[in-house]
Amino acid sequence: MTIDFSELETCVLELIPEMPNKFTSHQFILRLAQRFQHAYIIALHSCLDSEAPFQRVHQWVSNHLNKYPSQLAPMGAVPSHDIFGNSNTCSSWEKIV
């Protein structure tokens, strides 16, 4: 199965301006999943051959935020809880205004 993140990519671009000035990848992923449920499910479905489709999609989203240096500055890793409530770390971001 081919991984299809094209719809999700469009949603990422739309969501960045709606985020607060500082946020984490986990916060972004949760808002993305809530606001763009269809695109999120399509991306998960594209990863059904993976042992961990959620992890694969979430990793793609977090890494993809690096592709917008004119809009976002990485602020390093911070402790956080993922959408499943697991304690972890993730990237933090600050919008460039």
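Owing to the predicted nature of the structure, the values given are computational and were not obtained by experimental measurement. The basis for the numbers below is simple: all heavy atoms, side chains too, and nothing from hydrogens, waters or symmetry mates.
- Rounding to the nearest 0.5 Å gives a distance of 10.5 Å between CG of L32 and CD of E14.
- When all heavy atoms are compared, the tightest approach of P69 to I96 is O-CD1, 3.0 Å.
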Test side-chain contact (heavy atoms from CB on, under 4.5 Å) on F28 and L15; report intermediate values, then the result.
CA-CA 8 Å; F28 189 88; L15 188 57; 3.8 Å; yes

Can L8 and V61 be said to form a side-chain contact (heavy atoms from CB on, under 4.5 Å), step by step?
CA-CA 9 Å; L8 200 61; V61 171; 3.9 Å; yes

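- Cluster membership for I42 and V12, using ILVMFWY side-chain heavy atoms within less than 4.5 angstrom, is not shared.
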Starting from the C-alpha separation in whole Å, work towards a yes-or-no answer on salt bridge (Lys or Arg N to Asp or Glu O under 4.0 Å) for E18 and R31.
CA-CA 10 Å; E18 298 176 16; R31 180 131 355 139; 5.8 Å; no

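- In this structure, SG in C90 is found 13.0 Å from CD in Q59, a value given to the nearest 0.5 Å.
- To the nearest 0.5 Å, atoms CD1 (I83) and CD (Q34) are separated by 9.5 Å.
- Between D49 and R56 there is a side-chain heavy-atom pair separated by less than 4.5 Å.
- Rounding to the nearest 0.5 Å gives a distance of 5.0 Å between OH of Y40 and CG of L44.
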Run the side-chain contact (heavy atoms from CB on, under 4.5 Å) test on F36 and T10 for me, step by step, so that the C-alpha distance in whole Å, both residues' side-chain angles and the decisive distance to 0.1 Å come before the verdict.
CA-CA 10 Å; F36 298 101; T10 301; over 6 Å; no

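- Put simply, CG on L72 and OG on S92 are 11.0 Å apart, with the number rounded to the nearest 0.5 Å.
- Hydrophobic cluster membership is shared by V57 and L13, with clusters built from Ile, Leu, Val, Met, Phe, Trp and Tyr side chains linked at under 4.5 angstrom.
- Summarising the geometry, atom CD belonging to Q55 is positioned 11.5 Å from atom OG belonging to S62; distances are rounded to the nearest 0.5 Å.
- Annotation: side chain of C47 is in contact with side chain of F5 (closest heavy-atom distance under 4.5 Å).
- Taking hydrophobic clusters as Ile, Leu, Val, Met, Phe, Trp and Tyr residues chained together by side-chain heavy-atom distances below 4.5 Å, L48 does not share a cluster with I41.
- Side chain of K22 to backbone of K95: no donor-acceptor contact under 3.5 angstrom is found.
- Within the structure, the side-chain hydrogen bond (donor to acceptor under 3.5 Å, both in side chains) test picks out the following pairs touching residues 68-84 (sequence neighbours left out): H26-S80, H64-Y68, D82-N86.
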With side-chain contact (heavy atoms from CB on, under 4.5 Å) as the test, would you mind laying out the steps for L65 and S25 before giving the verdict?
CA-CA 8 Å; L65 291 173; S25 292; 4.3 Å; yes

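- Side-chain atoms of F54 and I29, non-hydrogen and from C-beta on, never get closer than 4.5 Å to each other.
- The closest side-chain donor-acceptor pair between W93 and T24, if any, does not fall under 3.5 angstrom.
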